[in-house]
Amino acid sequence: MRFVIIGAGRVGSRTARVLTREGHEVTLVEADESVADRARKEGYEVIVGDGARESVLEEAGIADADAFGALTSDLNANFAACMIAKHHGCRTVLRIDADYREGIYRKYAEEVDEIIYPERLGALGAKNALLGGNIRAIADIAQNLQVVELTVQDGSPMRGYTISELELPADATLLAFGKEGEPLAIPSPDESLEAGDRLAVLADFDVLGDVRQLIVGEAAAPAVGGA
């Protein structure tokens, strides 16, 4: 596939590196000459210019691209560039660096195919390291909601009980279940919870400690804050 990405900084260059290694064709657009030169030295095709200008994107080959990533740190430039790319029939991915108010987020979300938060993705990795091996953050849904995967331990209060007997806090919902060594799937109410089984739960941060104590069997720990 062919991709055009604006922004050759940390996020853009790393994304280009992954795509290139997988055999895809990538063109970067970068306004800063020094950043563009660094990307060229790494072997990327780089167009120097303002990625929010249609003439620059046309030079980068937007008309033939399958998808477009607006990955600069400038939200306004990213959004303007996505609108141009959308006009050319590309799938559009918009980078946002902060958790904007819900109304503003929805405004952008309705106009592009995907919104990404690089800082939040990185924070998930850090959060997983802090939480330990028996609870793993899968995704941040909102500032107060997270999908987590928990592994039943020998000391779990629910070990030996069935899914139908599992009573989660009011602000938590079971999404998927998997026996040890098997993929997650829609939970069956008659499945028995045994050590090594995994459960994917959507929960408010305020009740994560209670959910962990119930399923993992460890003492409730303070929930790690949102990314």
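All heavy atoms count here, side chains included; hydrogens, waters and symmetry mates do not.
- In terms of heavy atoms, Gly178 sits closest to Leu184 at N-CD2, 3.5 Å.
- Separation of atoms OG (Ser13) and CD (Glu42) is listed at 6.0 Å; rounding is to 0.5 Å.
- With Arg91 contributing its side chain and Ala67 its backbone, the two residues share no donor-acceptor pair below 3.5 Å.
- A donor-acceptor pair under 3.5 Å is absent between the side-chain atoms of Ser156 and the main chain of Val152, judged by distance alone.
- At distances below 3.5 Å, at least one donor-acceptor pair connects side-chain atoms of Lys179 with backbone N or O atoms of Ser192.
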Stepwise side chain to side chain contact (heavy atoms under 4.5 Å, CB included) test for Ile215 and Val201:
CA-CA 10 Å; Ile215 296 175; Val201 176; 4.2 Å; yes

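- Between Leu199 and Leu174, some side-chain heavy-atom pair lies under the 4.5 Å cut-off.
- Here the CG-CE distance, from Leu214 to Met158, works out to 6.0 Å after rounding to the nearest 0.5 Å.
- Each of Leu57, Val56, Thr92 was checked for a side-chain contact (heavy atoms from CB on, under 4.5 Å) with Ile84, and the lone residue meeting it is Leu57.
- Residues passing the side-chain hydrogen bond (donor to acceptor under 3.5 Å, both in side chains) test with Asp64, sequence neighbours excluded: none.
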Might you work through the side chain to side chain contact (heavy atoms under 4.5 Å, CB included) test for Thr27 and Ile47, ending with a clear yes or no?
CA-CA 7 Å; Thr27 299; Ile47 302 297; 4.0 Å; yes

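- Between the Asp171 side chain and the Asp204 main chain, no donor and acceptor come within less than 3.5 Å of each other.
- Under the 3.5 Å distance criterion, with hydrogens and angles disregarded, a donor-acceptor pair is assigned to the side chains of Asp32 and Ser34.
- How far CD of Glu191 is from CD1 of Ile186: 12.5 Å, rounded to the nearest 0.5 Å.
- Side chain of Glu30 to backbone of Ala8: a donor-acceptor contact under 3.5 angstrom is found.
- In this structure, OH in Tyr117 is found 13.0 Å from CZ in Arg95, a value given to the nearest 0.5 Å.
- No side-chain donor from either of Thr162 and Asp190 sits under 3.5 Å from a side-chain acceptor of the other.
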Evaluate the side chain to side chain contact (heavy atoms under 4.5 Å, CB included) criterion for residues Phe3 and His24: first the C-alpha distance (whole Å), next the side-chain angles of each, then the deciding distance (0.1 Å), finally the verdict.
CA-CA 8 Å; Phe3 300 91; His24 301 292; 3.6 Å; yes

Can you check salt bridge (charged side-chain N to carboxylate O under 4.0 Å, His left out) on Arg53 and Asp50, steps first, answer last?
CA-CA 6 Å; Arg53 296 177 63 88; Asp50 181 356; 5.4 Å; no

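- Arg198 and Glu182 are not joined by a salt bridge, as no carboxylate oxygen comes within less than 4.0 angstrom of a charged side-chain nitrogen.
- Here CD of Glu149 is found 5.0 Å from CD1 of Ile138. Values are rounded to the nearest 0.5 Å.
- Residue Ala77 comes nearest to Ala52 through the heavy atom pair O-CB, 3.9 Å, listed as atom of the first residue, atom of the second, then distance.
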Trace of the side chain to side chain contact (heavy atoms under 4.5 Å, CB included) decision for Asn78 with Leu71:
CA-CA 7 Å; Asn78 287 349; Leu71 306 183; over 6 Å; no

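- With hydrophobic clusters built from ILVMFWY side chains whose heavy atoms lie under 4.5 angstrom apart, Val48 does not share a cluster with Tyr44.
- Of the possible polar contacts, one joining the Gln153 side chain to the Thr151 backbone as a donor-acceptor pair under 3.5 Å is found.
- Within the 4.5 Å cutoff, side-chain heavy atoms of Leu150 are placed close to those of Arg212.
- Side-chain contact check for Glu22 versus Val18: some heavy-atom pair is nearer than 4.5 Å.
- Minimum heavy-atom separation, Ile163 to Pro187: CG2-CB, 4.2 Å.
- Residues Glu54 and His87 bring no donor and acceptor atom of their side chains to less than 3.5 Å of each other.
- Every residue two or more places apart in sequence or in another chain that forms a side-chain contact (heavy atoms from CB on, under 4.5 Å) with Asp66 is listed here: Met1, Arg2.
- Within the 4.5 Å cutoff, side-chain heavy atoms of Val93 are placed close to those of Ile116.
- In terms of hydrophobic clustering, with Ile, Leu, Val, Met, Phe, Trp and Tyr side chains grouped at heavy-atom distances under 4.5 Å, Val11 and Ile115 are assigned to different clusters.
- Between the side chain of Asp197 and the main chain of Glu180, a donor-acceptor pair closer than 3.5 Å is present.
- Note: the hydrophobic cluster containing Met83 does not contain Phe68 (ILVMFWY, side chain heavy atoms under 4.5 Å, direct or indirect links).
- Cluster annotation: Leu75 and Ile5 are assigned to distinct hydrophobic clusters (Ile/Leu/Val/Met/Phe/Trp/Tyr, side-chain heavy-atom contacts under 4.5 Å, transitive).
- Residue Val29 comes nearest to Gly49 through the heavy atom pair CG1-O, 3.7 Å, listed as atom of the first residue, atom of the second, then distance.
- Between Ile96 and Pro118, the closest heavy-atom pair is O-CD, 3.7 Å.
- Under a hydrophobic-cluster definition in which Ile, Leu, Val, Met, Phe, Trp and Tyr are linked whenever side-chain heavy atoms come within less than 4.5 Å, directly or via other members, Val112 and Val4 are assigned to different clusters.
- The line from OH of Tyr161 to CD of Glu194 is 12.5 Å long, rounded to the nearest 0.5 Å.
- Across all non-hydrogen atoms, the minimal contact from Ile6 to Ala70 is CG1-CA, 3.6 Å.
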